[in-house]
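In what follows, a single structure is set out as structure tokens and then discussed.
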Protein chains: 2
Amino acid sequence: MIQQTARHGRERVHRASSDPTRERIVAAAIDLFSERSFEGASTRELAARAGVAQPLLNYHFRSKDDLWRAAVDQLFAEMTQALDVRTAEVVADGDVAGAKAVIREFICFSARRPQLHRMITQESKADGPRMDYLVDRHVRPVYERTAQIMGTLVKAGAVPDIPVEHLYYIITGAGPTMFVHGPECRRLTSLDPTDDAVIQAHADAVCLLLFGPHVTTTTK
Amino acid sequence: MIQQTARHGRERVHRASSDPTRERIVAAAIDLFSERSFEGASTRELAARAGVAQPLLNYHFRSKDDLWRAAVDQLFAEMTQALDVRTAEVVADGDVAGAKAVIREFICFSARRPQLHRMITQESKADGPRMDYLVDRHVRPVYERTAQIMGTLVKAGAVPDIPVEHLYYIITGAGPTMFVHGPECRRLTSLDPTDDAVIQAHADAVCLLLFGPHVTTTTK
DNA sequence: AGATTGTTTTATCAATTGATCAGACTCTTG
DNA sequence: CAAGAGTCTGATCAATTGATAAAACAATCT
């Protein structure tokens, strides 16, 4: 029984990751999985959006689930990359200004890539194998680092005294929702959630609520 | 050609709405549609959860879409009923305390019925016939009333000066997200998002951020 | 050139999907 | 009791689903 030459899991880690076709498929998966759900995105539509034939997905990925995981991995890699630079400075603790910057960066990232929060929201509503993967592999580390940052801010008095668990869901809710609901927002309001001015205004608004008016040189 | 006796749209508005079977189907639809997506919930699983045979869904509802709309209608009816009592007093405007109470009630409702926000989030991510129905029929009126209340609060100085569009997405994000992500929250934290103490604590937290520390008898 | 390995497509699979139809089961009403 | 309208179920439909098989295409090396 001759095994077909399907590499399926990147057996050959060539050099770095640069397979343009595979990347186009993952990009299409990110878009489709996030706006339809996992079940709502058919492999044929996935392939059509990537501009390839449908069976090619099963050549590059073991299964539809495998492709979904690749999409999630990609999105979290992007977020980690966007935040790690900032968080590195903060981990030590005490750096309130840095912590603020991280939160602001988080909001801006969620505006640029609402797909990540769309996929998280989809799977966080009910237990299942995909939520296992999402939480165990990706969300919990993010939660723990976020909680640590929140603790720093609360301890420093930079933020109202709210348990970090609630702060986590307040920030992950108040920040990305406008962008996750982008198409709805466009219909409901006159704002364009992809407009940078709107994004900045939203970050300002969330930070104003969290940190209060930005008085830099007022002492009592 | 003899038309089958399927009433499909409640031709016979008997007295009030009290069809136990139909209600059980809608209840099952609310749960399944909200935790899986529209495509992710099969009519067979829907029927199984309602304890009926699958073709019965097409007897009581014209189509799967029709059932979905009935589920959405039901959820919005519940929210309207939960909030209307409060909002009635506020509409006049100026009633800041009343407006606060409405927001608090909104958060508590989203904790009791996270299914509503789960279904909204699912359809707000991309245009389509279901988003048309949701926005045109239900969400826009809610948005407009909410924006009005926000305007009241901002004008009264009870809330930081943030454009109402942003306030809307901050509140609809910060309030329900912990409960929409209920199962995830249970894994991530040690909190039970169905526990009333947790719900109250979350409402407290959101209100603290919005309205500041609750000083009832301090005059400058 | 020919051979080999890796990539992509066309054709097809069984399984599941939403929906329909005809018939069985209730009921009430005559 | 018989009639008939209203409710519900089993059998089945065409269409779509994710996945596989086999063959066509492309590229590199000898």
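Numbers restart at 1 for each chain; the letters A, B, ... are given by sequence-line order, proteins then strands.
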Can you pull out the residues from residues 40-50 of chain A that lie within a 4.0 Å heavy-atom distance of DNA chain D? A:A41, A:S42, A:T43, A:R44

Hey, is the side chain of A:Y59 poking within less than 4.0 Å of OP1 or OP2 on C:dT8, counting only N and O atoms?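 No, no such contact exists.
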
With a 4.0 Å cutoff (strictly under), does any side-chain N or O of B:T21 reach OP1 or OP2 of D:dC8? yes

Could you tell me how far apart [X] ([atom1]) and [N] ([atom2]) are, to the nearest whole angstrom?
X	N	atom1	atom2	result
B:Q54	C:dT20	CD	P	11 Å
B:L56	C:dT20	CG	C1'	14 Å
A:D66	D:dT20	CG	P	12 Å
B:N58	D:dT9	CG	P	13 Å
B:I25	D:dT7	CD1	P	12 Å
B:F61	D:dC8	CZ	P	11 Å
B:D19	C:dC27	CG	P	14 Å
A:E23	C:dT7	CD	P	14 Å

Using the C1' atoms of five pairs at each end, what's the angle between the two axes of the helix from C:dA1-D:dT30 to C:dG30-D:dC1, to 10 degrees? 10°

Kindly write out the residues that satisfy salt bridge (Lys or Arg N to Asp or Glu O under 4.0 Å) with B:R104, not counting sequence neighbours, or none if the list is empty. B:D204

With sequence neighbours left out, what residues match B:R36 under salt bridge (Lys or Arg N to Asp or Glu O under 4.0 Å)? B:E45

Only counting residues at least two apart or in another chain, list the ones meeting ring pair (Phe, Tyr, Trp, His ring centres under 6.0 Å) with A:Y133.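 So A:Y133 forms a ring pair (Phe, Tyr, Trp, His ring centres under 6.0 Å) with A:H138.
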
Can you sort out the partners of [X] under side-chain contact (heavy atoms from CB on, under 4.5 Å), two or more places apart, ordered by chain and number?
X	answer
B:P176	B:F106, B:S110, B:H117, B:V180
B:R24	B:V52
A:V142	A:F76, A:M79, A:T146

Taking D:dA19, D:dT9, C:dA19 as options, the one with an atom nearest any side-chain atom of B:K64 is C:dA19

Would you name the heavy atoms of A:R187 and B:G128 that are closest together and state the gap between them? NH2-N, 4.3 Å

Going by atom type alone, with no hydrogens or angles, which donor-acceptor pairs under 3.5 Å involve a side-chain atom of residues 162-171 of chain A and a protein atom two or more places apart or on another chain?
residue: A:H166; atom: ND1; partner: B:H202; partner atom: ND1; Å: 3.1
residue: A:Y169; atom: OH; partner: B:E184; partner atom: OE1; Å: 2.7
residue: A:Y169; atom: OH; partner: B:C185; partner atom: N; Å: 3.3

Identify whether the distance between the nearest side-chain nitrogen and carboxylate oxygen of A:R49 and A:E35 falls below 4.0 Å. yes

